[in-house]
Colleague: 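Let me begin by handing over the structure; questions about it come next.
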Number of protein chains: 2
Amino acid sequence: MNDPIDNILQQWNQTKPELDCSAMGIVGRLLLVNINWKKKIEHVLTDKELSFIEFDILATLRRNQIPLTPTELYQTLMLSSGAMSTRIETLVQRGFIERVASEKDRRSCKVKLTPQGIKAIDIVLDAHVKNMSGMLNGLDGGEQKQLAGLLKKVLLSD
Amino acid sequence: MNDPIDNILQQWNQTKPELDCSAMGIVGRLLLVNINWKKKIEHVLTDKELSFIEFDILATLRRNQIPLTPTELYQTLMLSSGAMSTRIETLVQRGFIERVASEKDRRSCKVKLTPQGIKAIDIVLDAHVKNMSGMLNGLDGGEQKQLAGLLKKVLLSD
DNA sequence: TATTGTTATACTCTATAACTATA
DNA sequence: TATAGTTATAGAGTATAACAATA
């Protein structure tokens with residue numbers, strides 16, 4: 001059975017037979033799976049009126065249990081400070097988070113989930129986890145473990 | 001050995017022990033590998049003054065061997081017609097491609113690589129393939145085949 | 001002087017829809 | 001009427017740098 005990448009590799013093979021496409025077969029497939037999965041994830045999040053990065057901020061706060069500074073957040077989520085400020089502000093205005101002034105350092109603040117924010121992220125998280133399970137339906141349990149292991153190996157080799 | 005996702009899963013486990021994180025371990029790792037790999041790919045392409053989508057257009061034309069219409073291009077590359085028009089125009093102005101008027105349908109045209117465009121994409125492609133091979137250094141040959149197979153299975157189950 | 005966080009600015013990229021020409 | 005491709009517009013999102021307050 002052929003997937004979309006098989007067709008691309010076949011075209012390359014006909015055009016440039018000397019080209020070694022083995023790496024392209026892996027990288028191309030991973031990028032394509034990423035596109036498909038991201039669409040499915042965003043579909044669930046949009047349903048709850050959250051962007052991917054907004055979800056990431058709320059989820060990061062939730063699983064850390066303690067409030068984080070804007071600096072910690074933009075470093076964790078690989079965003080500029082300015083972009084993080086904007087995101088924080090819109091989440092504050094929607095009642096999901098609040099800024100708590102620091103007592104030790106008066107330049108700084110902690111970003112904290114509101115009770116409403118906790119409720120919202122818990123609901124979205126539930127839908128998100130179910131959604132991800134569905135995305136993996138094509139693999140059995142053993143294959144899922146295998147895939148996780150291979151991806152982990154790639155991450156650790158970076 | 002722990003990767004970044006292990007830490008996230010551990011935090012979730014402490015915060016919400018009832019949450020089944022097995023799917024998150026796979027999806028999270030794939031999204032993270034995608035971020036890392038895309039950065040590396042874009043580093044090589046930027047070096048040659050090409051964006052990812054510009055590279056994709058040139059590569060699509062190269063491996064198809066025959067010129068394609070703008071419509072075929074934006075459908076293949078999942079872009080709007082307007083966005084594709086803009087991309088085509090900048091590539092024309094840089095001498096990589098040209099529009100050839102269709103004889104059969106005077107509304108239409110074919111987008112064709114110039115000799116300079118072919119030379120450019122061939123050089124970039126070479127660097128790109130080498131780059132991708134390097135990205136897979138952490139896996140041996142058997143593991144690479146395994147990963148390709150698992151990703152293919154995911155794509156075919158969508 | 002350096003750092004925290006915000007604000008102002010400008011830039012890139014896109015989708016949408018209006019538009020032209022042709023089928 | 002429908003379609004191919006372009007153009008005009010507006011929106012989302014970002015990084016950068018200037019900025020104010022504090023260390």
Side-chain angles (χ1 to χ4, degrees), chain A residues 31 34-35 38-39 41-43 45-58 60-61 66-94 96-112, chain B residues 31 34-35 38-39 41-43 45-58 60-61 66-94 96-112:
Chain A
L31 298 186
N34 183 80
I35 290 172
K38 219 165 171 196
K39 267 188 204 152
I41 292 170
E42 275 164 352
H43 187 259
L45 299 182
T46 305
D47 226 53
K48 313 286 184 183
E49 314 215 285
L50 284 177
S51 70
F52 207 130
I53 184 66
E54 286 169 340
F55 168 78
D56 258 350
I57 294 171
L58 299 181
T60 301
L61 291 168
I66 53 168
L68 300 173
T69 64
T71 300
E72 289 168 332
L73 279 172
Y74 78 68
Q75 285 171 352
T76 303
L77 299 177
M78 294 179 293
L79 230 59
S80 68
S81 61
M84 183 54 73
S85 272
T86 311
R87 293 295 118 218
I88 288 174
E89 185 52 32
T90 74
L91 288 170
V92 166
Q93 274 170 10
R94 289 159 68 191
F96 292 137
I97 58 177
E98 58 186 341
R99 293 189 186 85
V100 182
S102 164
E103 293 166 7
K104 297 179 185 172
D105 184 341
R106 289 171 60 194
R107 294 170 304 180
S108 184
C109 67
K110 298 279 189 183
V111 179
K112 189 185 163 188
Chain B
L31 298 185
N34 182 80
I35 290 173
K38 220 166 171 196
K39 268 187 204 151
I41 293 170
E42 275 163 351
H43 186 260
L45 299 183
T46 305
D47 226 51
K48 315 286 184 182
E49 315 217 283
L50 283 177
S51 70
F52 208 129
I53 185 67
E54 287 169 339
F55 168 77
D56 258 350
I57 294 171
L58 298 182
T60 301
L61 291 169
I66 54 169
L68 299 174
T69 64
T71 300
E72 288 168 333
L73 279 172
Y74 78 68
Q75 286 172 351
T76 303
L77 299 177
M78 295 180 291
L79 267 181
S80 68
S81 62
M84 183 54 72
S85 272
T86 310
R87 292 295 118 218
I88 289 174
E89 186 51 30
T90 75
L91 288 170
V92 166
Q93 276 172 9
R94 289 160 68 191
F96 292 136
I97 57 176
E98 58 185 341
R99 293 188 186 87
V100 181
S102 164
E103 292 166 7
K104 297 179 183 172
D105 184 342
R106 290 172 58 194
R107 293 170 304 182
S108 184
C109 65
K110 297 279 189 182
V111 179
K112 190 186 161 187

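Both backbone and side-chain heavy atoms feed into the values below; hydrogens, waters and symmetry mates do not. In what follows, every chain begins at residue 1, and chains take the letters A, B, ... in the order their sequences are listed.
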Colleague: Categorize A:S108 for me: base, sugar-phosphate, or nothing, with a 4.0 angstrom heavy-atom threshold over every strand shown.
Modeller: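 Answer is sugar-phosphate: A:S108 comes under 4.0 Å of backbone atoms only.
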
Colleague: What is the separation between atom CG on A:L45 and atom C1' on D:dA12, rounded to the nearest whole Å?
Modeller: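 Result: 17 Å.
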
Colleague: Using a 4.0 Å cut-off on protein heavy atoms (strictly under), produce a 5'-to-3' string for nucleotides 18-23 of chain D with B for base contact, S for backbone-only sugar-phosphate contact, and - for none.
Modeller: ---BBS

Colleague: Examine distances only and state if a side-chain atom of B:S108 and a backbone atom of B:D105 form a donor-acceptor pair shorter than 3.5 Å.
Modeller: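 No: the side chain of B:S108 does not pair with the backbone of B:D105.
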
Colleague: With sequence neighbours excluded, tell me which residues meet side-chain hydrogen bond (donor to acceptor under 3.5 Å, both in side chains) with A:Q75.
Modeller: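 Listed in chain order: nothing, the list is empty.
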
Colleague: Taking CG from A:L73 and P from C:dT6, how many angstroms apart are they, rounded to a whole number?
Modeller: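 Rounded to the whole Å, the gap is 11 Å.
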
Colleague: Listed in order of residue number, which residues of residues 82-94 of chain B have a non-hydrogen atom at under 4.0 Å from DNA chain C?
Modeller: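 Heavy-atom cutoff 4.0 Å gives B:G82, B:A83, B:R87.
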
Colleague: Calculate the interatomic distance between B:E49 atom CD and C:dT12 atom P; express it in whole Å.
Modeller: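 Those two atoms, CD and P, are 14 Å apart.
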
Colleague: Just to be sure I understand the rule, does B:T69 reach a base, reach only the sugar-phosphate, or reach nothing, if contact means heavy atoms closer than 4.0 Å?
Modeller: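 Sugar-phosphate contact only - B:T69 comes under 4.0 Å of backbone atoms but never of a base.
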
Colleague: Less than 4.5 Å apart, any side-chain heavy atom of B:S85 and any of B:P70?
Modeller: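 No, too far: nothing below the 4.5 Å cut-off.
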
Colleague: Checking salt bridge (charged side-chain N to carboxylate O under 4.0 Å, His left out) for the pair A:E49/A:R94: CA distance, chi angles, key distance, verdict?
Modeller: CA-CA 11 Å; A:E49 314 215 285; A:R94 289 159 68 191; 5.7 Å; no

Colleague: Please state how far atom OH in A:Y74 lies from atom C1' in D:dT16, giving the value in whole angstrom units.
Modeller: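 So the OH-C1' distance, A:Y74 to D:dT16, works out to 13 Å.
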
Colleague: Could you give the CG-to-C1' distance, from B:L68 to D:dA4, as a whole number of Å?
Modeller: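 To the nearest whole Å, that distance equals 15 Å.
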
Colleague: To the nearest Å, give me how far apart CG (A:L77) and C1' (D:dT14) are.
Modeller: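 Answer to the nearest Å: 15 Å.
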
Colleague: Indicate yes or no: does A:E98 engage A:K110 in a salt bridge with an N to O separation below 4.0 Å.
Modeller: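 Looking at A:K110 together with A:E98, the answer is no, because their closest N to O distance does not fall below 4.0 Å.
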
Colleague: Rounding to an integer number of Å, can you tell me how far B:E72 CD sits from D:dT3 P?
Modeller: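 Atom-to-atom, B:E72 to D:dT3, this comes out as 16 Å.
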
Colleague: Tell me the interatomic distance from B:I57, atom CD1, to C:dC13, atom P, rounded to whole angstroms.
Modeller: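 My rounded result for the distance is 11 Å.
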
Colleague: Let me see the working for B:K39 and B:H43 under side chain to side chain contact (heavy atoms under 4.5 Å, CB included), right down to the final yes or no.
Modeller: CA-CA 6 Å; B:K39 268 187 204 151; B:H43 186 260; over 6 Å; no

Colleague: Measure across B:L45 and B:F52 and return the closest heavy-atom pair with its distance rounded to 0.1 Å.
Modeller: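 Looking at all heavy atoms of both residues, the closest pair is CD1-CA, 3.8 Å.
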
Colleague: Evaluate the side chain to side chain contact (heavy atoms under 4.5 Å, CB included) criterion for residues A:I57 and A:M84: first the C-alpha distance (whole Å), next the side-chain angles of each, then the deciding distance (0.1 Å), finally the verdict.
Modeller: CA-CA 9 Å; A:I57 294 171; A:M84 183 54 73; 3.7 Å; yes

Colleague: Would you mind checking if B:K48 and B:E54 are paired as a salt bridge, meaning a charged N to carboxylate O distance below 4.0 Å?
Modeller: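 Not counted as a salt bridge, because no side-chain N and carboxylate O are separated by less than 4.0 Å.
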
